[in-house]
*Asks:* 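First the structure, which I've put down as structure tokens, then a few questions once you've had a look.
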Amino acid sequence: MKDELLSGPRTHALLADGTTVCIRPVTSSDHEQLQGLYEEMSPENLRLRFFAASRRSAEMAADRACAAPRPGYRALVAERAGQVIGLAEYERGDTGTEAEISIAVADGLHHRGVGTLLVEHLVSAARADGVTSFTADALSENQEVLRLFADLGLRTARRFEGPEVRCTIALDEDDAYLTAVEERGRAADVESLRPLLRPAAVAVVGAGRKPGSVGRAILHQLKAGGYTGRLWAVNPAATSILGVPSCSSVSALPRTPDLVVVAVPAAGVAATAEECGKAGVRALLVVTAGLDAEQAQALRTACRTYGMRMVGPNCLGISNTDPQLALDATFAANHPRPGTAGVAVQSGGVGIALLDGLSRLGIGVSSFVSLGDKYDVSGNDMLQWWESDTRTDLALLHLESFGNPRAFSRTARRVTRRMPVLTVDAGRTDAGRRAAASHTAAAATRTMTRQALFTQAGITAAHSVGELLETAALLHSQPLPPGSRVAIVTNAGGAGVLSADACAEAGLALPTPTAELVDDLLAVLPEGAAIGNPVDATAAVTEEQLGDCVDRIMRHPGVDAVLVALVPTAVAAATGDDLVKAVTGRSGHRPKPVVVVRLEQALPVELLPRAGGGTVPAYAEPQAAARALAHAGRRAAWLARPAGTFPDLDGVDTARAQACVEAYLAAHPDGGWLDPRSCAALLDCYGIPQLPWAWATNEDEAVLAADRVRGADGRVVMKGHWPGLLHKSAQRAVHLDLRGDSQVRAAFRDLGTRFAGLLTGVVVQPLADRGTELFAGVVQDEVFGPLVLFGLGGTATEILADHAARLAPLTDHDVHDLITSPRCAPLLFGAGGGGPVDLPGLEQLLHRLSRMASDLAQLAEADFNPVLAAPGGVTVLDARVRLLPRRQQDPYLRRLR
């Protein structure tokens, strides 16, 4: 199987200046343009490309690229607005693993990343074609191409031969290369979004002369919000709308706007986009909903043809609150308050709720994008924008779908090191559902997959918009807790009990105060105070006493955060004590978070101003405060954890594994479950330990098989097999504890009788030793990629569904989390007196399973159940693998949606 790039589709990607180009394979019809590409080069550039300034070289180069397809040769062009502006090609040598590469870029378009982008796509195609290195000859004075190779992020060796340099480029996909590609993509992405989020001129197409239209509402918001750039309406029936100049068409505007808001009926959207593209518009905001498939495709085509970035369709709009711009191109009722939170949503209703909530809290918004149907601009784009805009310190996302989750995850892992990234885990339709079958695809829910993505990327995932705002309030106003130990202080015992329950349910620890801390607090609290956790300061506590108590707890090294639960009392009212000010009225640095719970508070969460600057979050419910503290603790733990690593695995033969897969799919074009022999051969390619086994198709073969595999005690197991059999135990297709030839023969006859017409053979294995039965599996999610599952195995896996999941490829941290997350984890570490299992062996098994899934896109599903884990080793007792005819895709290749 080859990368889909090789079969001819067009891929759109961004250049360094933010403009869009199409990357596609060369066709014979490109000859004239390719010859012109070379003929229009300066003599100097021709000499650097061909080592001689011959015009005949142009025709020969075009002939070569446009010749009939031939083995080992690949050529890609970069095309902009129908014009070829670059060519990259390679041809394999005799070894088949090394290829010579050449690059040409049109004069006047150097230093925009055309050549680099072409080479990146050529690298991806070459890897899929089995090429492991590129070679290139260049004149030593050709600094541009030498710098291109040096800056790719791939290992490059140079050898000087007189005036020429021979470069050898290793095509290993390591983190250095991915980081280099990622950085180039980030810079290009941010540049492409400037016309959208920092436009110097905006036009609104579809603003009606009478109230009631969405276009008119957006035009009003732009004007009323004080947008500082040039603003026009486009309406052929008006010369002015809301005091804003109006023109008959986009092409009639006095200058080309950077951004056009499209608010026309669905039937007219594509034509409007086409007009904008021809006029040179760089970005569209399409708020129109209800496009059918044909209209949607026409809109996409116009945007890609003319290189326009687009938000929408079917969206609320966009906003950038920078006072120097004041862009509010939304039809929300209120203008967002300027601030530091970046917001991207797919649901307009959720967007309004977040804008109002952040404004009410005083956090405010730096920029807001309602992604709508998300034809182009995505959450990934917005993360990169916020990372670069110098105004955003908190990112909030509400995403119902993901275009490229692996690229999103890689971006999020980087961005979350700089700022909190919060999301609502939307669409949890599988929450609480238990697997109805033991195979991996049934066990893997979309909820589990999303949660794995969020956990691995360090994203804080809330279950509701309210919880998102509650957590944002804490992360915006308080330092992160160094751990999960919370001390509760209250002036009412009942409030303290509620808070303690909430903290325990959120997974927070409530440490018992030390004797030293007890004495310290008794010295400042009124008589009758109970020093435990919670600390019941009683209704008699004064503002000063409560403040001293909180300060002393904050200084204690055994406490990571303080929750102060308060209720209004007549005692405090009579003395004039404001107990909330015990927390907010004291200035000075606090290295740990403190939160307030006010049960009488009308709003779910507020940010109370603090003396000396800053704010303190106050919650109406202790559950909200506890959830926010738990999220903050998990973020702190994620930041404190070093980046994971991918271990080197010996005994892996990817080429042989790919050959096994291709051989099976050649015989079974629609895919299917591998037979036991093919399955064992594939696992052997990755060094996955398997229990000895033998295949038999009749009684005599079964007896011979038992003789070959039986252990010292002589007992064997027989498992029936036929294509499509998934649950051997449920079908009663397994015989255990067989002794002697007569029992083996009887077992075979029984299976043959009961499954006549189905049975194709049996697998005979020695009876396994005692150990913990586990489950390990992987499923290829079409959107998220391979998901690895691990947990309790055997028949219990169907009932208990005790599984954890992580997206492959797995780092050492991911494997540790997989092993420690399921409820059965204590068994693996020796709970119950059995001693710990072979944990290094278990880690190796999961790494090898992850590697197999990452290498083979055709691996749709794999089940290892049971996996026997014992102190002496880890062994797969039963394995099933399902293949599908899928093409390998490079998830990190730069491309637009």
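As a basis for the values below, the full set of heavy atoms in this structure was taken, side chains included, without hydrogen atoms, waters or symmetry mates. The model shown is predicted, which means the values in this text are computed figures rather than measured ones.
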*Asks:* Inspect the contact between Arg656 and Asp684 and indicate whether a charged nitrogen and a carboxylate oxygen are less than 4.0 angstrom apart.
*Replies:*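 Result for this pair is yes, salt bridge flagged.
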
*Asks:* Which heavy atom in Leu807 sits nearest to a heavy atom in Ala452, and how many Å separate them?
*Replies:*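 Taking every non-hydrogen atom into account, N-CB, 4.1 Å.
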
*Asks:* Is the backbone of Thr97 close enough, under 3.5 Å, to the side chain of Thr132 for a donor and an acceptor to pair up by distance?
*Replies:*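 Side chain of Thr132 to backbone of Thr97: a pair is present.
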
*Asks:* Run the numbers on Phe790 and Leu849 for side-chain contact (heavy atoms from CB on, under 4.5 Å), then give the verdict.
*Replies:* CA-CA 11 Å; Phe790 173 77; Leu849 176 60; over 6 Å; no

*Asks:* Under 6.0 Å from the CZ atom of Arg641, do we count more than 12 heavy atoms belonging to anything else shown?
*Replies:*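 Yes - once you tally the heavy atoms of other residues, nucleotides and ligands closer than 6.0 Å, there are more than 12.
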
*Asks:* Indicate yes or no for a side-chain donor-acceptor contact from Gln690 to the backbone of Leu683 under 3.5 Å, with no hydrogens or angles considered.
*Replies:*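 Absent.
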
*Asks:* Indicate the atoms forming the closest heavy-atom contact of Pro786 with Ala853, along with that distance.
*Replies:*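 Reported closest heavy-atom pair: CB-CB, 3.7 Å.
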
*Asks:* Do any N or O atoms from the side chain of Thr411 and from the backbone of Ala407 form a donor-acceptor pair under 3.5 angstrom?
*Replies:*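 It does hold such a pair.
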
*Asks:* Taking the side chain as every heavy atom from C-beta outward, state whether Val788 and Val815 have any atom pair closer than 4.5 Å.
*Replies:*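 With C-beta onward as the side chain, the pair stays apart.
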
*Asks:* If you count the non-hydrogen atoms of other residues, nucleotides and ligands that lie under 6.0 Å from NE2 in His816, is the total more than 12?
*Replies:*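 No - once you tally the heavy atoms of other residues, nucleotides and ligands closer than 6.0 Å, there are 12 at most.
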
*Asks:* For Ile459 and Ala412, work out which heavy atoms get closest and say how close.
*Replies:*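 So the two residues come closest at CD1-CB, 3.8 Å.
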
*Asks:* Which atom pair, heavy atoms only, marks the closest approach of Gly458 to Trp638?
*Replies:*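 That closest heavy-atom pairing would be CA-CE2, 3.3 Å.
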
*Asks:* Could you check Phe408 against Leu383 for side-chain contact (heavy atoms from CB on, under 4.5 Å), going step by step and ending with a plain yes or no?
*Replies:* CA-CA 9 Å; Phe408 173 82; Leu383 283 178; 3.6 Å; yes

*Asks:* In the structure I gave you, are the side-chain heavy atoms of Asp650 and Asp648 within less than 4.5 Å of one another anywhere?
*Replies:*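 No - every pair of side-chain heavy atoms lies 4.5 Å or more apart.
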
*Asks:* Answer with yes or no whether the side chains of Thr179 and Arg410 bring together a donor and an acceptor at under 3.5 Å.
*Replies:*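 There is such a pair between these side chains.
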
*Asks:* Evaluate Leu682 against Leu856 for side-chain contact (heavy atoms from CB on, under 4.5 Å), listing each step before the verdict.
*Replies:* CA-CA 11 Å; Leu682 185 60; Leu856 307 173; 3.9 Å; yes

*Asks:* I need the Leu468 CG to Thr423 OG1 distance, nearest 0.5 Å.
*Replies:*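 Interatomic distance, Leu468 CG to Thr423 OG1, rounded to 0.5 Å: 7.0 Å.
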
*Asks:* Hey, does Phe646 have a side-chain heavy atom less than 4.5 Å from the side chain of His847?
*Replies:*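 They are not in side-chain contact.
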
*Asks:* Checking the side chain of Asp425 only, and the main-chain atoms of Ala461 only, is there a donor and an acceptor separated by less than 3.5 Å?
*Replies:*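 Judged by distance alone, no pair lies under 3.5 Å.
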
*Asks:* Determine whether a donor-acceptor pair (N or O, by modelled atom type, separation under 3.5 Å) exists between the side chain of Ser409 and the backbone of Pro405.
*Replies:*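 Pair absent, no side-chain N/O of Ser409 close to backbone of Pro405.
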
*Asks:* I'd like to check Glu467 versus His631 (side-chain heavy atoms, cut-off strictly below 4.5 Å). Are they in contact?
*Replies:*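 Sidechains of His631 and Glu467: in contact.
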
*Asks:* Charged N to carboxylate O below 4.0 Å: is that the case for Asp741 and Arg745?
*Replies:*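 Looking at Asp741 and Arg745, the cut-off is not met.
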
*Asks:* Quick check for you: to the nearest 0.5 Å, what is the distance between Arg806 atom CZ and Gln451 atom CD?
*Replies:*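 Spacing of CZ (Arg806) from CD (Gln451) equals 9.5 Å.
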
*Asks:* Would you find a donor on one side and an acceptor on the other, under 3.5 Å apart, between the side chain of His813 and the backbone of Pro642?
*Replies:*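 Yes: the side chain of His813 pairs with the backbone of Pro642.
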
*Asks:* Mind checking ring-ring contact (aromatic ring centres under 6.0 Å, His included) for Tyr686 and listing every partner two or more places apart, or none if nothing turns up?
*Replies:*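 Scan of Tyr686 (ring-ring contact (aromatic ring centres under 6.0 Å, His included), adjacent residues dropped) gives none.
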
*Asks:* Evaluate Val874 against Leu774 for side-chain contact (heavy atoms from CB on, under 4.5 Å), listing each step before the verdict.
*Replies:* CA-CA 10 Å; Val874 174; Leu774 303 171; over 6 Å; no

*Asks:* What is the minimum heavy-atom distance between Ser850 and Pro809, and which atoms define it?
*Replies:*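 Distance-wise, the nearest heavy atoms are OG-CA, 3.4 Å.
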
*Asks:* So does Val709 get a backbone contact from the side chain of Gln765, meaning a donor-acceptor N/O pair under 3.5 Å?
*Replies:*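 No: the side chain of Gln765 does not pair with the backbone of Val709.
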
*Asks:* Are Asp172 and Arg127 within salt-bridge range, i.e. N to O under 4.0 Å?
*Replies:*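 No salt bridge links Asp172 with Arg127.
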
*Asks:* If you measure from CE on Met852 to CD1 on Ile688, what distance do you get to the nearest 0.5 Å?
*Replies:*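 Reported to 0.5 Å precision, the distance equals 4.5 Å.
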
*Asks:* Drop me the distance from Glu843's CD to Arg848's CZ, to the nearest 0.5 angstrom.
*Replies:*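 That separation rounds to 12.5 Å.
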
*Asks:* Measure up the His721 and Trp695 rings against each other and bin them: parallel (under 30°), tilted (30 to 60°), perpendicular (over 60°).
*Replies:*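 Perpendicular.
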
*Asks:* With a 3.5 Å distance limit and no angle check, can you tell me whether Thr760 reaches the backbone of Pro723 through a side-chain donor-acceptor pair?
*Replies:*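 Not a single qualifying donor-acceptor pair exists.
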
*Asks:* Please report the shortest heavy-atom distance between Asp814 and Thr811, naming the atom on each side.
*Replies:*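 Closest approach of Asp814 to Thr811: OD2-N, 3.0 Å.
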
*Asks:* Between His121 (side chain only) and Arg894 (backbone N and O only), is there a donor and an acceptor less than 3.5 Å apart?
*Replies:*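 At least one qualifying donor-acceptor pair exists.
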
*Asks:* With a 4.5 Å cut-off on side-chain heavy atoms, are Gln780 and Gln858 touching?
*Replies:*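 No - every pair of side-chain heavy atoms lies 4.5 Å or more apart.
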
*Asks:* State, with a plain yes or no, whether a side-chain heavy atom of Thr471 is found less than 4.5 Å away from one of Arg627.
*Replies:*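 No, side chains not in contact.
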
*Asks:* Enter the distance from Leu178:CG to Asp890:CG here, rounded to the nearest 0.5 Å.
*Replies:*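 One gets 8.0 Å once the value is rounded to the nearest 0.5 Å.
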
*Asks:* Any side-chain to backbone donor/acceptor pair from Asp855 onto Thr654? Under 3.5 Å, distance only.
*Replies:*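 No; zero donor-acceptor contacts below 3.5 Å.
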
*Asks:* What distance separates Arg635 CZ from Thr460 OG1, expressed to the nearest 0.5 Å?
*Replies:*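 It comes to 6.5 Å.
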
*Asks:* Report yes if some heavy atom in the side chain of Phe748 is under 4.5 Å from a heavy atom in the side chain of Leu738; otherwise report no.
*Replies:*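 Side chain of Phe748 against side chain of Leu738, heavy atoms only: no contact under 4.5 Å found.
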
*Asks:* For a 4.5 angstrom cut-off between non-hydrogen side-chain atoms, does Asp129 reach Arg92?
*Replies:*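 A side-chain contact exists here, since the closest heavy-atom pair is under 4.5 Å.
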
*Asks:* Does anything in residues 718-739 pair up under salt bridge (Lys or Arg N to Asp or Glu O under 4.0 Å), and if so which pairs, sequence neighbours excluded?
*Replies:*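 Applying salt bridge (Lys or Arg N to Asp or Glu O under 4.0 Å) to every pair that reaches into residues 718-739, excluding sequence neighbours, yields Arg715-Asp737, Lys719-Asp878, Lys728-Asp878, Asp737-Arg739.
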
